[in-house]
Amino acid sequence: MARLPRLGFGGGALGNLYAAMSDGAARNVIDTALVSGIDYFDTAPHYGFGLSETRLGEALVRRDVMISTKVGRRLEPIQTTERERHGFVDAAPFEPVFDYTRDGVLRSFEASLRRLKRDRVDVLLAHDLGRATHGDAHAGHMRDFLEGGYPAMRELKDSGAVGAIGLGVNEQAVCEEVLDHADVDVFLLAGRYTLLEQTALESFLPRCVSRGVGIIVGGPFNSGALVETTGTLHYNYETAPREIVERVERLRRVCAVHGVPLAAAALQFPLAHPAVLSVIPGMATPAQVTDATRWLDMTIPDALWSDLRSEGLIRLDAPATRAAA
């Protein structure tokens, strides 16, 4: 199983996700993370079509930190006047094209190294495989990956250019599918093991433990639902439905009884599971960095987790006490 810090930096915002960020603001949030002791940064070519990787590369030159990035999309140069594409604002002039073949993976990885100004990365993840993402095209992309992209990633790991390999996805099912056919070190699974979702406990997480596969939890706040305190709640990148809003409010009330911010419980909860290596909330501002480090260090009483179980808000089999260690 790979070794990673408990808290990492999700780099989507560095690619101008949903809002433009200046180079100076990006550098400021990265520098704040470094000063706060964060030494693991996750990025991807898709984030701003190279912009997130480029900004990290500039800021982390000669820094001894851990980096994960992704393959599965080629960036093709285009001419465009659109300000927002695929959720990224004022991003680099490239169009992402899904490509899980051997050649596509190797080309993507080489381009990432150039942007990151490094000769290796600690974790390399195949990005956004899955039926929910690709629909009828899923079988073809999976075939390309298993026959081409995956062997290329294994070779990169064997050569020392990559420390660990796996998937970076929003779908639990595709992780289980890959486990049927391949040996991986880690899954970055976004939004699927949180205070709001624990179906991964039924078969997936036990299977990861038995296989020695680590989990990086992305989206520990479920797209904002577990951290937003004003305005419209968001869940799975959309406006949260009423049942989620009501469940979040119930979670918030239990946390308030114990004097614990809901966001702190949400950040610490996944780390109690033995398969989970790290949580990587997205960070767009220095305040979000300092909040995350503060929440991770908070002591959470065992009684809070017991109350969440008794209220039916987390599963009875969900481990939680390790989170307070």
Side-chain angles (χ1 to χ4, degrees), residues 1-10 38-42 44 66-70 121-130 132 150 153-154 157 162-222 226 236 264-282 292 295-296 300 302 304-305 308-309 313-325:
M1 187 180 292
R3 300 292 179 188
L4 292 170
R6 296 176 73 221
L7 179 65
F9 181 106
I38 294 174
D39 57 1
Y40 167 42
F41 295 81
D42 175 71
M66 303 185 76
I67 291 179
S68 57
T69 193
K70 305 177 184 78
V121 297
D122 298 278
V123 182
L124 186 65
L125 304 162
H127 203 185
D128 286 340
L129 280 163
Y150 168 69
M153 292 171 72
R154 288 295 303 267
K157 180 184 174 182
V162 170
I165 61 172
L167 303 189
V169 294
N170 299 302
E171 303 173 38
Q172 176 184 317
V174 74
C175 297
E176 299 223 50
E177 182 179 355
V178 166
L179 283 176
D180 290 336
H181 302 284
D183 289 322
V184 297
D185 305 298
V186 65
F187 292 117
L188 195 171
L189 185 60
R192 303 285 77 84
Y193 186 61
T194 70
L195 281 181
L196 287 174
E197 297 190 35
Q198 294 123 49
T199 56
L201 287 168
E202 293 170 6
S203 65
F204 175 59
L205 289 178
R207 191 175 180 191
C208 288
V209 170
S210 68
R211 291 276 294 269
V213 176
I215 302 294
I216 302 164
V217 171
F221 303 129
N222 280 115
L226 293 169
N236 280 354
L267 194 64
Q268 291 193 31
F269 169 73
L271 288 163
H273 197 281
V276 175
L277 307 172
S278 184
V279 291
I280 54 166
W295 290 331
L296 190 73
I300 296 181
D302 289 350
L304 182 148
W305 308 117
L308 290 178
R309 290 192 184 94
L313 290 169
I314 61 174
R315 288 171 55 120
L316 295 176
D317 58 347
T321 53
R322 179 184 152 204

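Every heavy atom of this structure was used, including side-chain atoms; hydrogens, water molecules and symmetry mates were not.
- Note that the CD atom of Gln172 and the CG atom of Asn170 stand 12.0 Å from one another [nearest 0.5 Å].
- A donor-acceptor pair is defined here as one N or O able to donate and one able to accept, closer than 3.5 Å; such a pair exists between the side chain of Ser278 and the backbone of Pro5.
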Test side chain to side chain contact (heavy atoms under 4.5 Å, CB included) on Lys157 and Asp185 and set out the steps.
-> CA-CA 10 Å; Lys157 180 184 174 182; Asp185 305 298; 2.9 Å; yes
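- With sequence neighbours excluded, the residues forming a side chain to side chain donor-acceptor pair (under 3.5 Å) with Ser68 are Tyr40, Asp42, listed by chain and number.
- Applying the salt bridge (Lys or Arg N to Asp or Glu O under 4.0 Å) test to every pair with at least one member in residues 163-177, sequence neighbours left out, gives these pairs: Glu176-Arg207.
- For Glu202, the side-chain contact (heavy atoms from CB on, under 4.5 Å) criterion is met by Thr199, Arg315, not counting sequence neighbours.
- For the pair Arg6 (side chain) and Val279 (backbone), a donor-acceptor distance under 3.5 Å is absent.
- Among all heavy-atom pairs drawn from Cys175 and Val169, the shortest one is SG-CG2, 3.5 Å.
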Start with the C-alpha gap between Leu188 and Val186, add the side-chain angles, then the distance that decides, and say whether side chain to side chain contact (heavy atoms under 4.5 Å, CB included) holds.
-> CA-CA 7 Å; Leu188 195 171; Val186 65; over 6 Å; no
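- Here the shortest heavy-atom pairing between Leu226 and Asn222 reads CD1-OD1, 3.7 Å.
- Atoms CG and CZ, from Leu316 and Arg309 in turn, are 7.5 Å apart once rounded to the nearest 0.5 Å.
- The two residues Val184 and Gly166 make their nearest non-hydrogen contact at CB-CA, 4.0 Å.
- In this structure, CG on Leu296 lies 5.5 Å from CD on Gln268, to the nearest 0.5 angstrom.
- Pro281 approaches Gly8 most closely through the heavy-atom pair CD-O, 3.7 Å.
- Note that CG of Leu124 and OG1 of Thr69 are 7.0 Å apart. Values are rounded to the nearest 0.5 Å.
- No side-chain heavy atom of Leu205 sits under 4.5 Å from any side-chain heavy atom of Pro274.
- For Phe204, the ring pair (Phe, Tyr, Trp, His ring centres under 6.0 Å) test picks out Phe187, with sequence neighbours left out.
- Among pairs with a residue in residues 209-219, those fulfilling side-chain hydrogen bond (donor to acceptor under 3.5 Å, both in side chains) read Asp183-Arg211, at least two apart in sequence or across chains.
- By the side-chain contact (heavy atoms from CB on, under 4.5 Å) test, Ala126 is found to be paired with Leu129, Phe145, Met153, Leu167, residues two or more places apart in sequence or in another chain being considered.
- For Val209 against Ala275, the heavy-atom pair with the smallest separation is CG2-CB, 3.8 Å.
- With sequence neighbours left out, Asp39 forms a side chain to side chain donor-acceptor pair (under 3.5 Å) with no residue at all.
- In this structure, CD1 in Ile216 is found 10.5 Å from CG in Leu189, a value given to the nearest 0.5 Å.
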Check against side chain to side chain contact (heavy atoms under 4.5 Å, CB included), Leu195 and Leu313 = CA-CA 8 Å; Leu195 281 181; Leu313 290 169; over 6 Å; no
Can you check side chain to side chain contact (heavy atoms under 4.5 Å, CB included) on Ile280 and Phe41, steps first, answer last?
-> CA-CA 8 Å; Ile280 54 166; Phe41 295 81; over 6 Å; no
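- Here the shortest heavy-atom pairing between Pro319 and Leu201 reads CD-CD2, 4.2 Å.
- For the atom pair CD1 (Ile215) and CG (Leu277), the distance works out to 7.5 Å, reported to the nearest 0.5 Å.
- The side chain to side chain donor-acceptor pair (under 3.5 Å) search around Tyr193 returns none, not counting sequence neighbours.
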